[in-house]
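Have a look at the structure below before the remarks.
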Amino acid sequence: MFQSLIETLARAWPFLSVGFQMTIQIWAISIALGIAIGLISCLMKLSRFKILRFIANFYIWLIRGTPMLVQALVIYFGMPQVIPGFLPSPFLAGVITLSLNAGAYLSEIFRSGIQAVPIGQTEAARSLGLSSARTTVKIILPQAVKIAVPPMVNQFIITLKDTSILTVIGLAEIVNKAGQYVNLRYDYFETYILVGMFYLAFTSLLMLFAHFMEKRLSYGRKNNRS
């Protein structure tokens, strides 16, 4: 069994290495954009302006209420029919899909983190003369990020696994490239075991990172109390 996996890996590596690079690349870009979208959406949802709250709530409701597979199909196949000249590549459509999807969930994670910060922190900052914006940036957000780290990393893991869905729009990520290989050699079992091992290894690294960050942050909080 082990020897068979090694032999399959050697034969499939030209395919899997390309898919691996594409998966990591689109995941990293989408996470960076998702964090930005999620933070903006979160601040809009907490805004005192009704129109901003409505836009944020509608966006979160729409993304969380529909499957990511449908979102990818709409963006890649559907949007070109209603937006003249918009012809996204599989990579661009994948980035848009993953970013919007991750952003909606990260928005709720950020909101929960912000609302978990004691209200006394805000009141103390305002009493010292800080504006609402500076209070948010200097006082609230740093504490909210610490609270939100574990669920954030969990969303990073989910987004990594969600990249496999983008094979339906032809993105050359690792599942897609594995499919190209098995169409040539029919090594279904060994090839998809290797793909699963890739996801397992990378998500395990993210879990270790989350555990490390939790320990560091909890250590910092203990020191602050003392």
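- For CZ of Phe54, the number of neighbouring non-hydrogen atoms (other residues, nucleotides, ligands) closer than 6.0 Å is 12 at most.
- Under the 4.5 Å side-chain heavy-atom criterion for Ile, Leu, Val, Met, Phe, Trp and Tyr, Phe198 and Val175 are members of the same hydrophobic cluster.
- With rounding to the nearest 0.5 angstrom, the CD1 atom of Ile63 is 9.5 Å from the CZ atom of Phe58.
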Exercise for review: Let me see the working for Leu166 and Ile169 under side-chain contact (heavy atoms from CB on, under 4.5 Å), right down to the final yes or no.
Suggested key: CA-CA 6 Å; Leu166 300 178; Ile169 60 174; 4.2 Å; yes
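- If you take CD on Gln115 and SG on Cys42, they are separated by 8.0 Å, rounding to the nearest 0.5 Å.
- Applying the 4.5 Å side-chain rule to ILVMFWY residues, one finds that Leu205 remains a lone member of its cluster.
- Between the CG atom in Leu69 and the OG1 atom in Thr167 there is a gap of 11.0 Å [rounded to 0.5 Å].
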I'd like a table of donor-acceptor pairs (distance under 3.5 Å, sequence neighbours excluded) in which one partner is a side-chain atom from residues 25-32, with atom names and distances.
unit_1	atom_1	unit_2	atom_2	d
Trp27	NE1	Phe156	O	3.0
Ser30	OG	Ile26	O	2.7

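- In this structure, Ser41 and Ile60 approach most closely via the heavy-atom pair OG-CD1, 3.7 Å.
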Exercise for review: For the pair Glu190 and Leu9, evaluate side-chain contact (heavy atoms from CB on, under 4.5 Å) and give the outcome as yes or no after the intermediate values.
Suggested key: CA-CA 8 Å; Glu190 294 88 348; Leu9 177 61; over 6 Å; no
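- Lys161 contributes atom NZ, which lies 10.5 Å from atom OG1 of Thr163 (distance to the nearest 0.5 angstrom).
- Contact of the Leu206 side chain with the Asn154 side chain is not registered, since no non-hydrogen atoms from C-beta on lie closer than 4.5 Å.
- A continuous path of Ile, Leu, Val, Met, Phe, Trp and Tyr side chains, each step under 4.5 Å between heavy atoms, connects Leu33 with Met68, placing both in one hydrophobic cluster.
- A pairwise comparison of heavy atoms in Leu200 and Thr203 identifies O-OG1, 3.1 Å as the closest pair.
- Taking CD1 of Ile55 as the reference point, atom CZ of Phe49 lies at 12.5 Å (rounded to 0.5 Å).
- Taking Ser164 as the reference, nothing meets the side chain to side chain donor-acceptor pair (under 3.5 Å) condition, with sequence neighbours excluded.
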Give every donor-acceptor pair under 3.5 Å between a side-chain atom in residues 82-101 and any protein atom, sequence neighbours left out.
unit_1	atom_1	unit_2	atom_2	d
Ser89	OG	Leu92	N	3.1
Thr97	OG1	Ala93	O	2.8
Ser99	OG	Val95	O	2.6
Asn101	ND2	Gln71	OE1	3.1

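- Between Leu184 and Phe15 the shortest side-chain heavy-atom distance falls below 4.5 Å.
- Annotation: side chain of Ser107 is not in contact with side chain of Ile37 (no heavy-atom distance under 4.5 Å).
- Taking the side chain to side chain donor-acceptor pair (under 3.5 Å) definition, one finds that Asn57 meets it with Lys45, sequence neighbours left out.
- Contact annotation: the side chain of Asn176 never approaches that of Leu171 to less than 4.5 Å [non-hydrogen atoms, C-beta and beyond].
- Using a 4.5 Å heavy-atom threshold, the side chains of Tyr199 and Ile157 count as separate.
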Point to revise | Intermediate values then yes/no, side-chain contact (heavy atoms from CB on, under 4.5 Å), Ser47 and Leu43 | key: CA-CA 6 Å; Ser47 170; Leu43 295 177; over 6 Å; no
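- Qualifying side chain to side chain donor-acceptor pair (under 3.5 Å) partners for Tyr181, counting only residues two or more places apart in sequence or in other chains: Arg11, Asp187.
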Review point. Going through the checks in order, is the side-chain contact (heavy atoms from CB on, under 4.5 Å) test met by Thr159 and Gln155?
Key: CA-CA 6 Å; Thr159 301; Gln155 182 57 47; 3.2 Å; yes
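- Using modelled atom types, one side-chain atom of Arg53 and one backbone atom of Arg48 make a donor-acceptor pair closer than 3.5 Å.
- Counting heavy atoms from C-beta outward, Glu108 and Arg64 have side chains that approach closer than 4.5 Å.
- Taken together through direct or relayed side-chain contacts under 4.5 Å among Ile, Leu, Val, Met, Phe, Trp and Tyr, Ile75 and Phe77 form parts of separate hydrophobic clusters.
- Cluster annotation: Ile147 and Leu39 are assigned to the same hydrophobic cluster (Ile/Leu/Val/Met/Phe/Trp/Tyr, side-chain heavy-atom contacts under 4.5 Å, transitive).
- Here the straight-line distance linking atom OG1 of Thr8 with atom CG of Leu5 works out to 6.5 Å at 0.5 Å rounding.
- Proximity of Leu106 to Phe110: side-chain heavy atoms (C-beta onward) are separated by under 4.5 Å at one or more points.
- A donor-acceptor contact shorter than 3.5 Å is absent between the side chain of Thr191 and the backbone of Ala178.
- No single ILVMFWY cluster, assembled from side-chain heavy atoms under 4.5 Å apart, contains both Met22 and Phe202.
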